[in-house]
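Here is the structure we will look at.
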Amino acid sequence: MDRNQSRRQVAAMKQALFDQGLLDEQYIQLEELQDAANPNFAEEIVTLYYRDSSRLIANIDQALKERNGLDFNKMDNIMHQFKGSSSSIGAKKVKAECTVFRECCRARNAEGCMRSFQQLKKEYAALRKKLESYFQLARQIGPSERACCPK
């Protein structure tokens, strides 16, 4: 594959992330912060997001398994952190599912929390897989394509 073809593929991959509703404009702002001194800024921020959020997911998972009853306030607080982190990278579907989970917490709806958490994990994993593929190809062609806005 030649360089121009690779650039078009990277652009199409990124556009698909927006078209599928996985990312929002916040992600574009991350990529706009990249420069020659920090050409992988967005990837580094996303990597930090996944490192931190995996801990939050584990905490929610543990809270949902509590035998002494669910602590809805605790779960809501953890999900508030997760929603903020997701919002900061533009993880649109993940952020939306965090909102659903928090609404279930406020309604003290254990079943809703369980369902929402399962959906959140699916959205989270799908975004991670697609972003990893995107970053891998983007690294191969270099930094010039990454700061473009989707159409």
Side-chain angles (χ1 to χ4, degrees), residues 1-65 75-107 109 111-151:
M1 187 180 314
D2 74 12
R3 195 168 174 83
N4 285 334
Q5 227 177 348
S6 295
R7 287 182 198 279
R8 283 191 298 274
Q9 186 178 2
V10 167
M13 286 175 83
K14 181 164 74 172
Q15 186 62 47
L17 291 167
F18 287 91
D19 292 346
Q20 295 166 13
L22 295 170
L23 292 177
D24 64 22
E25 62 282 344
Q26 181 63 35
Y27 181 78
I28 296 168
Q29 292 178 2
L30 277 182
E31 283 199 341
E32 288 175 347
L33 293 172
Q34 296 181 148
D35 57 19
N38 206 348
N40 299 319
F41 180 75
E43 182 177 6
E44 291 168 9
I45 296 300
V46 169
T47 299
L48 290 172
Y49 163 77
Y50 277 107
R51 189 175 305 144
D52 186 52
S53 59
S54 63
R55 176 185 54 82
L56 296 173
I57 286 175
N59 289 347
I60 292 280
D61 197 37
Q62 184 69 31
L64 285 169
K65 293 175 181 172
M75 291 189 307
D76 185 50
N77 287 335
I78 296 168
M79 194 56 72
H80 177 72
Q81 290 177 11
F82 190 39
K83 182 180 177 184
S85 296
S86 299
S87 182
S88 73
I89 68 155
K92 188 176 179 179
K93 284 188 176 183
V94 174
K95 180 177 72 171
E97 204 55 53
C98 289
T99 299
V100 171
F101 185 94
R102 293 190 72 206
E103 288 167 0
C104 291
C105 284
R106 289 186 194 113
N109 178 351
E111 180 70 28
C113 286
M114 300 280 193
R115 268 195 316 272
S116 175
F117 187 59
Q118 293 309 312
Q119 185 62 35
L120 182 142
K121 290 192 297 186
K122 287 179 189 171
E123 297 297 348
Y124 176 85
L127 178 62
R128 184 175 194 158
K129 183 178 180 184
K130 290 180 182 200
L131 281 173
E132 285 172 352
S133 296
Y134 168 71
F135 289 135
Q136 182 179 9
L137 187 58
R139 277 192 309 272
Q140 290 173 6
I141 66 163
S144 62
E145 186 61 39
R146 287 184 243 162
C148 296
C149 299
K151 296 173 185 154

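The figures that follow rest on heavy atoms only: side chains count, while hydrogens, waters and symmetry mates do not. Not measured: the values here are computed from a predicted model.
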_Does Phe82 form a side-chain contact (heavy atoms from CB on, under 4.5 Å) with Val94? I'd like the steps, not just the answer._
CA-CA 9 Å; Phe82 190 39; Val94 174; 3.9 Å; yes

*asked:* Could you check whether Glu97 and Ser116, counting side-chain N and O atoms only, form a donor-acceptor pair closer than 3.5 Å?
replied: yes

*asked:* Please tell me whether Gln119 and Glu123 have a donor and an acceptor in their side chains that are separated by less than 3.5 angstrom.
replied: yes

Search all heavy atoms of [X] against all heavy atoms of [Y] and return the closest pair with its distance.
{"X": "Ala42", "Y": "Tyr27", "result": "CB-OH, 3.8 Å"}
{"X": "Ser6", "Y": "Leu137", "result": "O-CD2, 4.3 Å"}
{"X": "Gln81", "Y": "Leu56", "result": "OE1-CD2, 3.1 Å"}
{"X": "Met75", "Y": "Cys113", "result": "CE-SG, 4.2 Å"}
{"X": "Val10", "Y": "Tyr134", "result": "CG1-CE1, 3.5 Å"}
{"X": "Leu64", "Y": "Met114", "result": "O-CE, 3.6 Å"}

_Salt-bridge criterion met for Arg115 and Glu111 (N-O under 4.0 Å)_ = yes

*Take atom CD of Gln62 as the centre, draw a 6.0 Å sphere, and report whether it contains more than 12 heavy atoms from other residues, nucleotides or ligands.*
no

Euclidean distance, [Y] [atom2] relative to [X] [atom1], rounded to 0.5 Å:
{"X": "Tyr124", "Y": "Ser54", "atom1": "OH", "atom2": "OG", "result": "5.0 Å"}
{"X": "Asn59", "Y": "Met79", "atom1": "CG", "atom2": "CE", "result": "10.5 Å"}
{"X": "Cys98", "Y": "Ile60", "atom1": "SG", "atom2": "CD1", "result": "8.5 Å"}
{"X": "Lys129", "Y": "Glu132", "atom1": "NZ", "atom2": "CD", "result": "10.0 Å"}
{"X": "Leu131", "Y": "Leu23", "atom1": "CG", "atom2": "CG", "result": "5.5 Å"}
{"X": "Met13", "Y": "Gln136", "atom1": "CE", "atom2": "CD", "result": "8.5 Å"}

*Begin with the C-alpha distance, continue with both residues' side-chain angles, and end with the deciding distance and a verdict on side-chain contact (heavy atoms from CB on, under 4.5 Å) for Asp24 and Lys95.*
CA-CA 10 Å; Asp24 64 22; Lys95 180 177 72 171; 3.6 Å; yes

*Tell me, with the steps shown, if Asp61 and Phe117 meet side-chain contact (heavy atoms from CB on, under 4.5 Å).*
CA-CA 8 Å; Asp61 197 37; Phe117 187 59; 3.7 Å; yes

*Dump the intermediate steps for side-chain hydrogen bond (donor to acceptor under 3.5 Å, both in side chains) on Asp19 and Gln15, then the final yes or no.*
CA-CA 6 Å; Asp19 292 346; Gln15 186 62 47; 2.8 Å; yes

*asked:* Donor-acceptor check, side chain of Tyr49 to backbone of Ile89, threshold 3.5 angstrom: yes or no?
replied: no

*Taking Lys93 for its side chain and Leu127 for its backbone only, find out whether a donor-acceptor pair lies under 3.5 Å.*
no

